[in-house]
Amino acid sequence: SLYSLAVKGRELTIGEKDPRTLYTLSNFARFLSEAPEPSAELFNESDQLHQRAVQSLKDLLQQGHPLTLSSLHNQACSWLDRCVFQKT
């Protein structure tokens with residue numbers, strides 16, 4: 001997907017730990033949880049990406065930074081999507 005390419009491009013140009021890369025990773029994870037045809041595998045991949053992005057942003061920018069909070073929001077929305085998926 002284009003998000004996957006964007007994450008790889010950011011990792012190569014500005015680094016894996018740059019906040020902009022991590023926020024793009026968070027958005028990619030959110031995108032996966034909103035797939036038109038969701039699956040357990042997509043939700044598992046999304047969870048792993050969210051964990052990486054959120055933890056790294058907390059370490060770099062602190063819990064209350066806007067990018068960290070936005071990534072936490074994305075993660076929470078993905079959890080809700082997973083709940084809806086599991087009920088169907």
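Quick note: residue numbers are just sequence positions, from 1. Just so it is clear, the structure is predicted and the values come from calculations on it, not from any experiment. Below, all heavy atoms of this structure are taken into account, side chains as well, without hydrogens, waters or symmetry copies.
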So how far is it from Tyr23 OH to Asp18 CG, rounded to the nearest 0.5 Å?
-> 14.0 Å
Who pairs with Lys17 by side chain to side chain donor-acceptor pair (under 3.5 Å), at least two apart in sequence or on another chain?
-> Ser56
For Phe85 and Ser33, what are the C-alpha separation, side-chain angles and deciding distance, and is it a side-chain contact (heavy atoms from CB on, under 4.5 Å)?
-> CA-CA 10 Å; Phe85 169 73; Ser33 70; over 6 Å; no
Supply the atom-to-atom distance Ser26 OG to Phe28 CZ, rounded to the nearest 0.5 angstrom.
-> 11.5 Å
Flag yes if Val54 and Leu67 sit in one hydrophobic cluster, no otherwise; membership is Ile, Leu, Val, Met, Phe, Trp, Tyr, and two members link when side-chain heavy atoms are under 4.5 Å apart.
-> no
Those residues at least two apart in sequence (or on a different chain) that pass salt bridge (charged side-chain N to carboxylate O under 4.0 Å, His left out) with Glu45 are none
Should Leu32 and Glu41 be marked as a side-chain contact (heavy atoms from CB on, under 4.5 Å) after you check the CA-CA gap, both sets of side-chain angles, and the distance that decides it?
-> CA-CA 10 Å; Leu32 290 176; Glu41 292 80 21; over 6 Å; no
Pairs where residues 58-69 contributes a residue and the test side chain to side chain donor-acceptor pair (under 3.5 Å) is met, not counting sequence neighbours = Gln55-Asp59
In terms of hydrophobic clustering (I, L, V, M, F, W, Y; side-chain heavy atoms under 4.5 Å; direct or indirect links), are Leu57 and Leu69 co-clustered?
-> no
Set of residues satisfying side chain to side chain donor-acceptor pair (under 3.5 Å) with respect to Asn27, sequence neighbours excluded = Asn74
To the nearest 0.5 Å, atom NE2 of His50 lies from atom SG of Cys77 at 8.5 Å
Side-chain donor-acceptor pairs of residues 3-16 under 3.5 Å, sequence neighbours excluded:
from, atom 1, to, atom 2, distance (Å)
Arg10, NE, Thr24, OG1, 2.9
Glu11, OE2, Arg52, NH2, 2.8
Thr13, OG1, Gly9, O, 2.9

What's the verdict on side-chain contact (heavy atoms from CB on, under 4.5 Å) for Gln75 and Ser78, showing C-alpha distance, side-chain angles and the deciding distance?
-> CA-CA 5 Å; Gln75 186 177 38; Ser78 292; 5.6 Å; no
Excluding sequence neighbours, so at least two apart, what forms side chain to side chain donor-acceptor pair (under 3.5 Å) with Ser46?
-> none
Mind checking whether Leu61 and Leu72 sit in one hydrophobic cluster, side chains of I, L, V, M, F, W, Y counted as touching below 4.5 Å?
-> no
